[in-house]
There are 2 protein chains.
Amino acid sequence: MTTIDDVARAAGVSVSTVSYALSGKRPISAPTRARVERAVRELGYRPHAGARALASQRTNVLALMAPLRVDVNVGVIMQFVTGVVTRARDFEHDVLLLTQDDLAGVDRVAAGSMVDALIMMDVEAEDPRLPLLRRQKQPAVLIGLPRDPQGLSCVDLDFEAAARLAVDHLADLGHRQIALVGSPHLVLERRTTYAQRMVHGFTTETARRGIAGLFVPCESSHAGAVDAVDRVFDQLPDVTALIVHNEVALPAVLATLRERGKEVPRDISVVAVCPEDVAVGQPQPLTAVDIPAMTIGSVAVDMAAARLDGDHPAETRLLSPVLTGRESSGPAPA
Amino acid sequence: MTTIDDVARAAGVSVSTVSYALSGKRPISAPTRARVERAVRELGYRPHAGARALASQRTNVLALMAPLRVDVNVGVIMQFVTGVVTRARDFEHDVLLLTQDDLAGVDRVAAGSMVDALIMMDVEAEDPRLPLLRRQKQPAVLIGLPRDPQGLSCVDLDFEAAARLAVDHLADLGHRQIALVGSPHLVLERRTTYAQRMVHGFTTETARRGIAGLFVPCESSHAGAVDAVDRVFDQLPDVTALIVHNEVALPAVLATLRERGKEVPRDISVVAVCPEDVAVGQPQPLTAVDIPAMTIGSVAVDMAAARLDGDHPAETRLLSPVLTGRESSGPAPA
DNA sequence: CTGGTGCGTCGAAGCGCTTCGATGACATTA
DNA sequence: TAATGTCATCGAAGCGCTTCGACGCACCAG
């Protein structure tokens, strides 16, 4: 292994000069720096990460805790992860991957000084990881919105605003009876809060605009989708628009509409709330509010970075939703 | 931060005794060990990962390079990753996640002593990472089979055997005209070698058994599937069985068969080569050769571990395929 | 009673780096 | 010409741990 000593010797300077030449934390004359750089190149020198971490109290590694179950939302998770890893590199950081259920991992990597900061995906309202995180010296960024974010940074899509946006889009097209086909019961009850936030935004906005709004949960399966659609027509027979916030059930919802003889958007408009690629990947490109998973991941890294090299306090950032009109929404039928 | 010094002081022993008590590398009397453990618990002591790495030349971290693109095979990738991360914990290791395209990452984490070993997914025949890997001191494990594995461990499903297994299953059921609906052109041409291995196994086994075998590539889209099925019926009109080795196109292939008036398995048998959950998740449970992604991931870790604490040389392990009969295969029509 | 043998423990070196204070060379000002 | 300041570089301490050799003690055989 070639060490900083080897480089110093080769360049004919002291070890500290090499260090400063490479870090730029003190001025080094151009010729000296050139000699150092040359030696580095010729010897193929790489600083030893552990030694550096020991001396500098910085590891240049981020922990990312991700739900590694093999479930249906895998696409979105992957996008988050990609966003985090990619952006981390912009800050010269690598990413250590932990599984969601590895509670002990929080202590292991944080108390063990393996990482500079932690990013947690899929945060629930009363997430058991929060107390662990709060007692670490490293900053943490949550993707999602717990009930009490005290001391922790959070980032997520503003789902309330997303619901409003979707409702407004449809209301402006003349729709007066709108249904929200949402998350499965389980998700609504005890998990991440985005489902509740979505419903809340939907309810208040329909109320505000004097529109008939119906919310039906929807299990993530074909049968669940059929069931949900049937419940909608049952309870709101004159419905003219659907907001679908369930990526998995989306294709089945669309198929069911077709089976029921409803043409989109002539008979009924559909606004999806899902990642863009899902919206455009359907048989018919869908008007949709984008869930920018990758962006959220990279913002999470930005927030972690901000807290690392600065006194930046914890903050909560809700990303403004964007609605893109495509072929699935149109004027309400007369 | 509490250090090993604090623990030593609290337990009334020397630093080295604490170290030995915790690592077990030298005998420590029971009472002393108890005092040390008590101090550790009371102080909440965690060894500093960097210091430990510096002194011991071990990081207890594995690098995993994964294709983080958001493509269709995301499910399998997730399973690999899960297998790796989970198994790594059994060996007291954490996982550092790199993206496939981060070539520089290999040097960064290996030469920089950030990891004890590297695992690379999705290895191509002439993978540009191989030369980089060979010059590192850390062992590497490849998931996939490059043309020249010299010095590197490899693990993958034995796709040749998988093809044979599928052919034999069908041949034993009396089928004499079998088509393989495979990977897209792109994959076949320049990428991971599993596609070629599959085709090779298929070709030789059909030949050996005197069966008419037709291979058609298949793009990973609905249109691609339709096209592939049409080509099959075009070039092999009396075909009675399909082997489908394209997870993405699978549903579309099935749908197309139905549209063409072919009932499975009455008119035509289908054997899939895909992860189990995909096979059973279809409208009709499919007879399939499992692609055990998670197992492959965990075997990769086992191989890395073996090379770490032992003189184990590099080896190549091909996992024996397993075929599970379900409802999509039956006797050839008379 | 002596010399040898283990066992349990200690002290110190060293892993490779960062960083602080000190130093020397040189230019600037009074 | 001496005092002052600036800039580039050096030396050494120290980050927290592992590990090697040494040491003291109890025990046993001779």
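By convention in this document, chain letters (A, B, ...) are assigned in the order of the sequence lines, proteins followed by strands, and residues within each chain are numbered from 1.
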Partners of A:Thr86 by side-chain hydrogen bond (donor to acceptor under 3.5 Å, both in side chains), sequence neighbours excluded? none
A:Arg35 side chain to A:Ala11 main-chain N or O, any donor-acceptor pair under 3.5 Å? yes
Qualifying residues under side-chain hydrogen bond (donor to acceptor under 3.5 Å, both in side chains), relative to A:Arg26, sequence neighbours excluded: none
Has A:Glu42 got a side-chain atom pairing as donor or acceptor with A:Val7's backbone, closer than 3.5 angstrom? no
Using five base pairs at each end to define the local axes, how bent is the helix from C:dC1-D:dG30 to C:dA30-D:dT1, to the nearest 10°? 50°
Looking at every heavy atom in both B:Ala88 and B:Leu62, which two are closest together, and how far apart are they? CB-CD2, 4.0 Å
Residues passing the side-chain hydrogen bond (donor to acceptor under 3.5 Å, both in side chains) test with B:Thr32, sequence neighbours excluded, are B:Ser29
Sequence neighbours excluded, which residues qualify as salt bridge (charged side-chain N to carboxylate O under 4.0 Å, His left out) partners of A:Arg134? none
Quick one: which residue pairs count as a side-chain hydrogen bond (donor to acceptor under 3.5 Å, both in side chains) with a foot in residues 43-53 of chain A, not counting sequence neighbours? none
Tabulate protein N/O versus nucleotide N/O from nucleotides 16-20 of chain C, keeping only pairs under 3.5 Å, one per line.
unit_1	atom_1	unit_2	atom_2	d
C:dG16	N2	A:Ala51	O	3.4
C:dC17	OP1	A:Tyr45	OH	2.7
C:dC17	OP1	A:His48	N	3.1
C:dC17	OP2	A:Ile4	N	2.4
C:dC17	O5'	A:Tyr45	OH	3.4
C:dT18	OP1	A:Arg52	NE	3.2
C:dT18	OP1	A:Arg52	NH2	3.3
C:dT18	OP2	A:Ser19	OG	2.9
C:dT19	OP2	A:Lys25	NZ	3.1
C:dC20	N4	A:Tyr20	OH	2.7

Residues 145-155 of chain A vs salt bridge (charged side-chain N to carboxylate O under 4.0 Å, His left out), sequence neighbours excluded, gives A:Glu126-A:Arg147
Under a 4.0 Å threshold between the charged nitrogen and the carboxylate oxygen, would A:Arg197 count as salt-bridged to A:Asp158? no
What residues 106-113 of chain A contributes to the DNA chain D interface at heavy-atom separation below 4.0 Å is none
Which residues pass the ring-ring contact (aromatic ring centres under 6.0 Å, His included) test with B:Phe159, not counting sequence neighbours? B:Tyr194, B:His245
Integer-rounded Å distance: D:dT9 P and A:Leu22 CG: 13 Å
Report each atom pair, protein N/O against N/O of nucleotides 23-26 of chain C, whose distance is under 3.5 angstrom.
none

Does B:Ser23 have any side-chain hydrogen bond (donor to acceptor under 3.5 Å, both in side chains) partners at least two apart in sequence or in another chain, and if so, which? none
